[in-house]
Number of protein chains: 2
Amino acid sequence: MKIDGKSWRTIWPDRASDAVCIIDQTLLPHRFEIRQIGSLQDMVHAIKTMQVRGAPLIGAAAAYGMVLAMLENQADDHLQHAAQCLIASRPTAVNLSWAVRRMQAELAALKAEARIELAWREAARIADEDVHLNQAIARHGLGLLQRLAAEKGRKLNVLTHCNAGWLATVDWGTALAPVYAAHDSGLPVHVWVDETRPRNQGASLTAWELGCHGVPHTVISDNAGGHLMQHGEVDMVIVGADRVTASGDVCNKIGTYLKALAAFDNGVPFYAAVPSPTIDWTIRDGLREIEIEHRDAQEVATMQGLLTDGSVAAVHLLPPGSAALNPAFDVTPARLVSGIICERGVVRPDSLHALFEQSLD
Amino acid sequence: MKIDGKSWRTIWPDRASDAVCIIDQTLLPHRFEIRQIGSLQDMVHAIKTMQVRGAPLIGAAAAYGMVLAMLENQADDHLQHAAQCLIASRPTAVNLSWAVRRMQAELAALKAEARIELAWREAARIADEDVHLNQAIARHGLGLLQRLAAEKGRKLNVLTHCNAGWLATVDWGTALAPVYAAHDSGLPVHVWVDETRPRNQGASLTAWELGCHGVPHTVISDNAGGHLMQHGEVDMVIVGADRVTASGDVCNKIGTYLKALAAFDNGVPFYAAVPSPTIDWTIRDGLREIEIEHRDAQEVATMQGLLTDGSVAAVHLLPPGSAALNPAFDVTPARLVSGIICERGVVRPDSLHALFEQSLD
């Protein structure tokens, strides 16, 4: 999508330097900096520290991580080692292991000397596929928004949690793809942006990318969405997902479940926008079976922002001696989800398997 | 309650200086500073800027504000003026207007020259009454916790939102009064503390006062409570209230409604601890009838904390050009509330009026 009128992706190859470039998302919205990633180890670090984040982008970043590994050493054992390191870098996003396994299978089938070239091609294909999936999500979600706008007869208010915009993907985004499509088509839409503590991806990333693209939006504390729904100020909730089960349970950023409860309680439609690589067909019960990543408690104990002198700093929030806990995701049961917007269309969560011709046995 | 083993209240008279002392709560947990408030105008400022906050403490502070007004001028018109200024200083807390009206009625009945002495006495009585109400809440809530502990057979985990501890009252607190009573009686209890954006009263005040008193606690982001409830990590939710309707709707800090929804969805008991001055018998429908204060959007756009050099600073969180909205309270419908803990006992919200012999017509 656009920054100051210029089109960007979140990740791109720099073959002349045997490297991959990313937008460092830990510095947004205060600094826009590009990082050149030149080794497997650096890509693992970029994923772990969330310089790249968002399930679809992590998938593409891991694919390029496999390219960087092949540039270092094309042998089978390094291929195996790289796959293990990348899969271990973040536990929740299913796209990560999906992309790594795909790269690994393709590369393992070739002789070592042919692996670098194929790796570059296959990683680019994974990145391009992400963009195409998200464009399809944009089309299907736009249909939903158009029907809702016709019904309401006024500007729509969409609430989103965390960042599932283009910064969370290679381009377009998942939850925000329908919003961008609506905005670009002239359908008036305003976005309520949950700030999304503790890492503030809403206030930092979603607000930034919506602003860069010119989409009207307002940042709210994570506590405010239920109140706004009670007062008719939210027409639809759209979130992304880090993993969706075969039964339609949605694992997404911590706090998503609370918004789904409020949407259900107030008759507000609640959608998850999900490209198929985010669906884990091996899992039925999201609450019992998905391992929830606990991140460093320091994320809760601190907040990063801009000081009046223009420098970026973290402030410490807790009294000395107070502990914090930081579960990073939660699971919204399928019963609270109005529908899943995926590249093949919009379905009720209990029909997801049918849409993708998957057995639920 | 105690700080380093010494007992404190949040507000106390300093008659030798014709002043009232408060703990400045805007600097906690990083600085502990006492402010001497010497005029009506300074008390209005202390309430508006939340140097004192919490519905019961605001009531006591407003009562002492009436004392300071009388020290300035005992005439009828100044009495009237003082009442108006204080009531306008915060719109949501019903205790504020309750305390001011009570002071005003008592003072108006006397000749001007007798008003100062009565004002000191009556304000002290309002403060002492708050402490006694909260001690009664502590006893009734302790009974609930004891029964729950007997049932669970292990340490209890209580979740609370915002600060309804002793800092929100004159002493003891409302939501935390049963927790202090349990802890002091040797019943093992651990508190999940919602940080409570945007002003972070949980992370700043609740964590601080629990820590000072030695109560085990863990700070979590406002997004995390639902997930913890899904996994059996919360045995009870106890919150305070800024206003409770005759029908048992609970108006409290923004985000309370989301926790009530999650508690209901997971079969976790959800209680509001409420001294009777917080009940507004004139209101039946909390959602339609309670005016919700919208505070400065800067509270959402910034976060105050400690820099590594030990100074307290606010960091700015939003991209340039992104707006924010800051509704400060929400209303939890009575249907989601397991019970109200008040000085007369614990009742279901629909029996509140009966407990206080109030008509619902």
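Labels below follow one simple rule: chain letters A, B, ... track the order of the sequence lines, proteins then strands, and each chain is numbered from 1.
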Nearest heavy atoms of A/Tyr257 and B/His227, plus distance in Å: CD2-N, 4.3 Å
Can you tell me which of [options] forms the most heavy-atom pairs within a distance under 4.5 Å of chain B?
| options | value |
| --- | --- |
| A/Val193, A/Thr218, A/Leu317, A/Leu228 | A/Leu317 |
| A/Ala203, A/Ala328, A/Pro327 | A/Ala203 |
| A/Ile254, A/Leu336, A/Val331 | A/Ile254 |

For residues B/Asp222 and A/Arg197, determine if any side-chain heavy atom of one lies less than 4.5 Å from a side-chain heavy atom of the other. no
Would you mind reporting whether B/Met229 and A/Leu258 have side-chain heavy atoms less than 4.5 Å apart? no
Region of B/Arg199 that comes under 4.5 Å of a non-hydrogen atom in chain A: neither
Measuring heavy-atom distances to chain A, does B/Asn326 have an atom under 4.5 Å in its side chain, in its backbone, in both, or in neither? neither
Pick whichever of [options] has the most heavy-atom pairs under 4.5 Å with chain A.
| options | value |
| --- | --- |
| B/Gly225, B/Gly255, B/Pro319 | B/Pro319 |
| B/Gly211, B/Ala224, B/Pro198 | B/Ala224 |
| B/Pro216, B/Ser322, B/Gly202, B/Ser204 | B/Ser322 |
| B/Asp330, B/Leu210, B/Leu325, B/Ile220 | B/Leu325 |

In residues 300-313 of chain B, which residues are in contact with chain A at a heavy-atom separation under 4.5 Å? B/Val300, B/Met303, B/Gln304, B/Gly305, B/Leu306, B/Leu307, B/Ala313
Under 3.5 Å, is there a donor-acceptor pair between the side chain of B/Gln230 and the main chain of A/Leu287? no
Just by distance, do the side chain of B/Asn223 and the backbone of A/Thr196 share a donor-acceptor pair under 3.5 Å? no
Contact origin within [X] toward chain B - heavy atom pairs under 4.5 Å:
| X | value |
| --- | --- |
| A/Phe264 | neither |
| A/Leu28 | neither |
| A/Ile292 | side chain |

Measure the spacing between OG of B/Ser221 and NZ of A/Lys253 and express it to the nearest 0.5 Å. 10.0 Å
Assess whether atom CZ of A/Arg288 is packed by more than 12 heavy atoms of other residues, nucleotides or ligands within 6.0 Å. no
